[in-house]
Amino acid sequence: MNSNELMHHGIHGMRWGVRRYQNKDGSLTAAGRKRVDKLDSEYQRITGMKLNEKKSSADVKKTESKPKSKSISEMTNEEIQEKINRITLEQNLKSLTPKKISAGKRFTETVMNDVITPAATDVGKQLAKSMFADGVNKVFNLEGDNKVYANNKKK
């Protein structure tokens with residue numbers, strides 16, 4: 001083999017990024033299930049041991065299901081009081097624990113409060129002063145030395 005050659009031993013007609021044995025959601029295709037069964041039986045034949053079987057989704061639902069919550073009319077006074085106490089405790093805990101704010105959000109809030117807001121306020125004040133001075137000058141026909149300037153300086 002020449003060192004300048006690139007050999008590829010892929011599957012003819014196979015496209016990059018397309019899986020043969022698995023769907024996009026991670027579930028196995030029919031070919032994938034067949035392949036897994038073949039590998040499991042081969043492993044069992046070679047080692048004499050069976051691979052760990054996964055619980056079916058029905059078995060998992062049976063063991064992990066929560067008891068169905070009762071409606072308020074079915075609950076006793078003690079159960080209602082326990083539920084109210086629990087909700088109150090959770091709200092108190094939430095109000096006492098500080099919220100986690102990302103560094104980026106904290107930075108942007110600081111810049112907004114310390115730089116942008118004061119600058120915008122200052123620009124707004126200057127604009128208002130300028131417009132007020134122009135309005136006074138027009139209404140009273142002020143010119144020359146009598147003219148009102150926004151920044152108290154003659155232009």
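Atom NZ of K100 sits about 15.0 Å away from atom NZ of K105, to the nearest 0.5 Å. Taken to the nearest 0.5 Å, the CZ atom of R33 stands 9.0 Å off from the CG atom of D37. Here CG of N113 is found 9.5 Å from OG1 of T108. Values are rounded to the nearest 0.5 Å.
Closest non-hydrogen pair, Y149 versus G144, comes out as OH-O, 4.1 Å. Listed here is the closest heavy atom pair of A150 and A133: N-CB, 3.8 Å. Across every non-hydrogen atom of N137 and K147, the tightest pair is ND2-CG, 3.3 Å.
With S27 contributing its side chain and N23 its backbone, the two residues share no donor-acceptor pair below 3.5 Å. Side-chain atoms of E109 do not come within 3.5 Å of backbone N or O of R106 as any donor-acceptor pair. At distances below 3.5 Å, not a single donor-acceptor pair connects side-chain atoms of Q44 with backbone N or O atoms of G48.
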Under 3.5 Å, which donor-acceptor pairs link side chains of residues 114-121 to any protein atom two or more places apart or in another chain?
residue : atom : partner : partner atom : Å
T117    : OG1  : M112    : O            : 2.8
T121    : OG1  : T117    : O            : 2.8

Could you walk me through whether Q81 and N85 pass side-chain hydrogen bond (donor to acceptor under 3.5 Å, both in side chains), step by step? CA-CA 6 Å; Q81 189 61 46; N85 289 341; 3.1 Å; yes
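Within a 6.0 Å radius of CD in E90, more than 12 heavy atoms belonging to other residues, nucleotides or ligands are found.
Under the rule for a side chain to side chain contact (heavy atoms under 4.5 Å, CB included), the partners of F140 that lie at least two apart in sequence or sit in another chain are V136, L142. K70 is linked by a side chain to side chain donor-acceptor pair (under 3.5 Å) to E79, counting only residues two or more places apart in sequence or in another chain.
Through side-chain heavy atoms spaced under 4.5 Å, either directly or across other Ile, Leu, Val, Met, Phe, Trp or Tyr residues, I72 is tied to M75, I80, I84. Cluster note: L96 groups with no other residue, as no ILVMFWY side-chain heavy atom lies under 4.5 Å from it. Using a 4.5 Å cut-off between side-chain heavy atoms of Ile, Leu, Val, Met, Phe, Trp and Tyr, M131 falls into a hydrophobic cluster with L127.
For the side-chain contact (heavy atoms from CB on, under 4.5 Å) criterion with Y43, the lone passing option out of I46, T47, D40 is T47.
A salt bridge is absent between E82 and R86: the closest approach of a Lys/Arg side-chain nitrogen to an acidic carboxylate oxygen does not fall below 4.0 angstrom.
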